[in-house]
Amino acid sequence: MTADALDQAKAKVTEAVDRLADDLEAISHQIHATPELCFHEEKAAGWLTAFLEKHGARVERGVGGLPTAFRATIEGKAAGPTIAIMAEYDALPNIGHACGHNVIATAGTGAGAAIAAALGTLPFAGRIQVIGTPAEEGGAGKVKLMEAGVFTDVDAAMMIHGRCGTQVWRPTLGIIKVKCEFFGKASHASSWPWSGVNALNAMIQLFVSLDQMRQQLRPDARVHGIITKGGDQANIIPEHTASEFYLRAPTKDYCKELLRRFEACAQGAATATGCRVTVTSDPTIHDPLKANFTMAELFGKNLERIDFPVDPDDGEAGYGSTDCGNVSQALPTIHPYMRISPDGIPGHSREFAEWAKSPLARTGMVAGAKALALTALDLVAKPEELRRAKDEFARTRG
Ligand SMILES: [Zn+2]
Ligand SMILES: [Zn+2]
């Protein structure tokens, strides 16, 4: 296809996003007002799939065995590569859409709907899909979809995430989730304390040991946890305590090193208090994002095309994690951030939840939808760019 034809397609799709912007914002606000937790995003999935269908995409619901997952396809004029745009729409417990997934949902869906509405069938070989990926917060829905084969035929994938600034590339950390339990012996806490073995002491010792361990960790590693059971009643020496931790690092190898050190701290706390300990790690590991600068550069050029400014990284905040990391270790993937709040507003805060339905969130969502759609068009229309993205993927280590 000629550069002119791609340019015309891009202009039409950009206009279509502008035409759909009011409807997309309305859906974004609906999702925001109806926060649904991981794997229970029935309403959000319903609104998003109805919108895609209305604008001409072919929708499959419940893909990969997840009832709230979906796939919407816009076919091309012949067989060719598959480019996926991912959409998340789950909320957080108690604090609602404090990660702004309502914006991710409508940016991804808006990109697909605008392509379908503006072009009908793509004027080149290949196809573009919007993949609705449930349960990013705590459920690793994308890993389940990958295991079920939903990404098997996808050549490259992308999504945007809201943030307090626009950055085309920003790392995320891998995570190993662990549960740690201590088992002691119950006894009357006043009349027979010396007959008990205190599982809460072991737990407190574990937290103290981890706090000391932190001094010797690399600065970008994170170890954080909560006690989910601290005992049954104050007059009983606790016989069983339980906790959950996330061990995070920028590489898979350092995540494993954190697990090794965590196990040593837990064993030490058990030995010191006479308890028995179990450390169980979740088999679903979140991988760190593997960068793809070829695709990130295309996305950046499309932001330039629509005149949307990229911000310097403030260098203030640390990094989060995403199940998109696992996708990025399997195929060329990007996860750029779009500004939906002023500087310095932390994700997972009540302030960020407010910003996720602000006029700034609309601006970020609309620009995100455009840049996603235009980047997907670049990759199907220009096979040499997709080849460069794949070469970079093959060459680099995640
Ligand atoms: Zn989050
Ligand atoms: Zn998020």
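Computed from heavy atoms alone, side chains included, the values below leave out hydrogens, waters and symmetry copies. Whatever order the structure lists them in is the order used to number ligands and atoms, beginning at 1. By convention here, the first residue in the shown sequence is residue 1. As the structure is a prediction and not an experimental result, all values here were calculated from the model.
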How are the rings of His101 and His161 set relative to one another: parallel (under 30°), tilted (30 to 60°) or perpendicular (over 60°)? perpendicular
For the atoms NE2 of His161 and SG of Cys99, give the angle they form at the Zn ion (ligand 2), rounded to 10 degrees. 100°
Could you tell me whether the Zn ion (ligand 1) has an N, O or S atom of Glu136 under 2.8 Å away? no
Indicate if the distance from the Zn ion (ligand 1) to the nearest N, O or S atom of His101 falls below 2.8 Å. no
Atom name of the N, O or S atom in Glu137 that lies nearest to the Zn ion (ligand 1): OE2
Can we call the ring centroids of Phe352 and His348 under 6.0 Å apart? no
Tell me if the aromatic rings of His224 and Tyr246 count as close, with their centers under 6.0 Å from one another. yes
Are any of the side-chain nitrogens in Glu385 or Arg388 under 4.0 Å away from the carboxylate oxygens of its partner? yes
